[in-house]
Amino acid sequence: MKTKSKIFATAFSLSVAFFSAQNGNVTKHFLDLDGTSTNIKIQPTMYGIFFEDINFAADGGIYAELIKNRSFEFDEPLMGWKQQNTKTLSPNLDSGFLTIYSDDSKTNKNYARITVYNDDNYILENEGFRGIGLHQGEKYDFSFNVDNISGNISSVNASLVDENGKVISAVSTIIKGAGWQKYNLVFVPDATVEKAKLQLTFTGKGVVNMDMISLFPQDTWKGRKGGMRKDLVQKLYDLQPGFLRFPGGCNVEGRTLAERYQWKKTLGKVEDREYLINKWNNGFAHRLTPDYWQSFGLGFFEYFQLSEDLGAEPLPILSCGMACQFNTAELVKMEDLNPYVQDALDLIEFANGDSNTKWGKIRVEMGHPEPFNMKYIGVGNEQWGEDYIERYKVFEKAIHSKYPEIKIVSGSGPSPDGEFFEYGWKELKKLNAQIVDEHYYNSPDWFLKNADRYDKYDRRGPKVFAGEYAAQSVGVVKPDNKNNWQTALSEAAFMTGLERNADVVTMTSYAPLLAHADGWQWTPDLIWFNNLQSYATPNYYVQKLFSNNKGTDLLRISENGKVLAGQNNLYASAVKDSKSGETIVKIVNSSAKQTTVEITPKNIKQSSKMTKVTLTAWALKDENNFQTENIKPVEETSVLKKGKISVDIPANSLVVLKIK
């Protein structure tokens, strides 16, 4: 750590200690840390990422395409587009007009036919995803397909304009001959703009067809053409996730079965992938988003590739023949279930098969000769009831008959308790299910009180995947939920209970992951972004501290022989990292008072150095924002003396101790 950082860390710690001291007398607790082996391993998959295309997470988010409805495939094909000088009830002889043509032989069937009568006056404009974010001096790849039909149109001219209509970059290309041709140009904006627009004009009069009008930053993750937004993927990479669950979430199920996510349609050339309405287009009355569609530029191949980039196990979730039970609850008949089951078998072949298999060959042709080595697959998202169990049985038999090594994730519904939750667990236990996905969106108080939830679980039953959880500051599905310190602190307390029960809980992930500041449907969310920037929430830093310090082996930490699961507002877990040689202790103090803990190490090699990482805030309501991340970890290092270890734990804080 640099000197400046050390000074800041010391000042911060002193100020927090002073602040805590003003709120009452400092208490003291005596903890025992036992290095004797528990024979419980922390799985590499313990802390992972849940990705769902909600809140503009894919199109308009991590998928770096900047043009909305680039190939005119929305139900309203001109959504996102505007013809500035074109009137509806007019021949538009003083400008021009656009109509939509379709080729039903193609999956991406629509294209625009543009008639230009007056090239001085016709302008076609795209608004992007709540605007187009541009960085000064960066390069942007602009491409489009044109078919010159008639007339004397000689060139296509493109401009990027700021919020006031000022041109910040312009390019032009000559149109050569007839027939569909692709053109590639590069913009270099001379200003940074959050909500720019793309404008197209033409030189000459006539008729042209246009399709796949696309704009991408060149500076994408790993520099891939048509790839992912670099700052967002970097934040995912920094989490050091053990797995990536994709593509959801309720959008796996769809509002109807016809609108479910079908992975095979997301393969192949991007321009041939069929658009689909996003479930969150009309998911919530408080945030109706009619322009929310899926282009599938981020498809299953890209999800697997992203998993590989992150060093994470891929965990795809597939439809089990049940549409979202909060919507239509449409069911496929049991006698018609086979295509859904075959999709699961084919996906395993796509991920793991060699070039001699049908689907493995497709993966190879897409540019990945080696298998993705997929080990997990999810059957359904958060379905419940007898209909789910009946369908799960069919999937389980088919998958394990052909691929016995694949671990199947099943579900216990959307709630952490209740009749359907109990029924699901009872039936899945009978079936010897491997991993059961539990979801909980609840108040911070619920998370604090349930830190001992898994202390009482059956050690011989299925393993648990805490697949979706987040503390709700106001209430579930409330638009005013905040990513404040109170929610993050309560999640940290709960996570000590997850870690302490690593023999039962083998996978965990916060949800949802991403949210566009102007395009969200659900709060709270782990990472917020706009068209130019992103910031990490306090909840993100909690996840990062646990994931970056997960260790390899569970240790025992206790007070008076009891685990710390909320007594005196203290929560704790401890692990050993056999790779780094560190002993790692995580302590949460949910009290408004500072406390001091005196740790007595037993059966642990004497250590000489301790790194203390503190995550806290001045007030429980505090949040991070685009201007500043006030709530982030602060690190300090100290030399240890022999014997007991005394550490101050500030009020309302998460402290990670790394002892070596």
Side-chain angles (χ1 to χ4, degrees), residues 48 50-53 58 243-267 273-274 276 278-279 294 296 298-304 306-307 313-325 330-332 334 336-353 358-360 362-363 372 374-384 387-403 405-414 428 431 433-437 439 465 467-468 507 509 511:
F50 163 85
F51 184 94
E52 179 172 13
D53 190 0
F243 66 88
L244 174 66
R245 171 185 166 188
F246 59 87
C250 294
N251 69 334
V252 169
E253 309 159 44
R255 192 181 59 85
T256 66
L257 288 175
E259 294 175 2
R260 75 187 187 279
Y261 197 106
Q262 299 185 59
W263 70 268
K264 292 175 181 175
K265 293 184 177 183
T266 76
L267 303 182
R273 300 179 189 179
E274 183 179 353
L276 180 69
N278 191 299
K279 182 195 179 300
Q294 300 170 91
F296 297 116
L298 175 56
F300 257 52
F301 178 85
E302 290 78 17
Y303 280 123
F304 277 110
L306 177 60
S307 299
E313 296 289 350
L315 172 53
I317 309 295
L318 298 185
S319 168
C320 64
M322 302 176 71
C324 183
Q325 287 166 275
E330 182 184 358
L331 289 171
V332 68
M334 290 301 296
D336 298 327
L337 187 61
N338 185 64
Y340 293 77
V341 177
Q342 192 61 47
D343 273 351
L345 299 176
D346 291 344
L347 178 60
I348 298 169
E349 183 176 285
F350 172 76
N352 297 347
K358 175 184 175 181
W359 291 99
I362 291 174
R363 183 200 70 243
F372 284 115
M374 184 179 91
K375 302 180 182 70
Y376 302 87
I377 193 168
V379 175
N381 172 47
E382 57 181 16
Q383 274 71 41
W384 63 84
D387 292 322
Y388 173 64
I389 297 299
E390 185 179 22
R391 284 157 181 76
Y392 170 79
K393 289 178 183 178
V394 178
F395 275 86
E396 192 278 332
K397 181 179 180 181
I399 292 170
H400 280 159
S401 293
K402 190 170 184 180
Y403 301 106
E405 73 281 5
I406 294 292
K407 294 182 179 179
I408 301 176
V409 174
S410 53
S412 58
L428 290 168
L431 296 170
Q434 293 168 297
I435 305 172
V436 177
D437 183 11
H439 295 178
F465 173 23
E468 294 185 34
M507 310 176 86
S509 51

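Quick note: numbers below take in every heavy atom, side chains included, and nothing from hydrogens, waters or symmetry partners. In this chain, numbering begins with 1 at the start of the sequence shown.
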| Quick one: does Phe395's side chain get under 4.5 Å of Leu337's, heavy atoms only? | yes
| Donor-acceptor pair between Gln342 and Asp346 side chains, under 3.5 angstrom | yes
| said: Using every non-hydrogen atom in the two residues, find where Glu382 and Cys250 come nearest and quote the distance to one decimal. | reply: OE2-SG, 3.8 Å
| field | Aromatic plane relationship, Tyr261 with Phe296 - under 30° parallel, 30 to 60° tilted, over 60° perpendicular | value | perpendicular
| Pair Glu468-Arg245, salt bridge (Lys or Arg N to Asp or Glu O under 4.0 Å): steps then yes or no | CA-CA 10 Å; Glu468 294 185 34; Arg245 171 185 166 188; 3.3 Å; yes
| Student check: side-chain heavy atoms of Gln294 and Asn251 closer than 4.5 Å | yes
| Do the side chain of Glu330 and the main chain of Thr256 share a donor and acceptor less than 3.5 angstrom apart? | no
| said: If I compare all heavy atoms of Tyr388 with all of Gly380, which pair ends up nearest, and what's the gap? | reply: CE1-CA, 4.5 Å
| Counting distance only, does the side-chain N/O of Glu390 pair as donor-acceptor with the main-chain N or O of Asp387 below 3.5 Å? | no
| field | Parallel, tilted or perpendicular: ring planes of Phe304 versus Phe300, cut at 30 and 60 degrees | value | perpendicular
| field | Heavy-atom side-chain contact between Ile362 and Phe301 under 4.5 Å | value | no
| remark: Between Ala58 and Leu298, the two heavy atoms sitting closest are CB-CD2, 4.0 Å
| query | Are Trp263 and Pro247 side-chain neighbours, meaning at least one heavy-atom pair lies under 4.5 Å? | reply | no
| Can you tell if the side chain of Tyr403 reaches within under 4.5 Å of the side chain of Asn352, non-hydrogen atoms only? | no
| remark: In short, Ser307 meets Phe246 closest at the heavy-atom pair OG-CE2, 3.9 Å
| task | Work out which heavy atom in Ile399 is nearest to a heavy atom in Leu345; give both atom names and the distance. | result | CA-CD2, 3.9 Å
| Do the side chain of Arg391 and the main chain of Val379 share a donor and acceptor less than 3.5 angstrom apart? | no
| request: Using the six-membered ring wherever Trp is involved, compare the ring planes of Phe465 and Phe243 and label them parallel, tilted or perpendicular (cut-offs 30° and 60°). | output: perpendicular
| query | More than 12 non-hydrogen atoms from neighbouring residues, nucleotides or ligands closer than 6.0 Å to NZ on Lys264, yes or no? | reply | yes
| task | Could you tell me whether the side chains of Glu253 and Gln383 share a donor-acceptor contact shorter than 3.5 Å? | result | yes
| Any side-chain heavy atom of Pro316 within less than 4.5 Å of one from Tyr303? | no
| said: Tell me whether Asp437 contacts the main-chain N or O of Gly467 through its side chain, where contact means a donor paired with an acceptor under 3.5 Å. | reply: yes
| Closest contact, heavy atoms only, Ser412 versus Val436 | CB-CG1, 3.8 Å
| Quick one: are Gln434 and His400 in side-chain contact, heavy atoms under 4.5 Å? | yes
| query | Is a side-chain donor or acceptor of Arg273 paired with a backbone partner of Thr266 at a separation under 3.5 angstrom? | reply | yes
| query | With no hydrogens and no angle check, is any side-chain donor or acceptor of Asn278 less than 3.5 Å from a backbone partner on Asp53? | reply | yes
| task | Take Lys393 and Leu431, measure what side chain to side chain contact (heavy atoms under 4.5 Å, CB included) needs, and give me the verdict at the end. | result | CA-CA 8 Å; Lys393 289 178 183 178; Leu431 296 170; 3.8 Å; yes
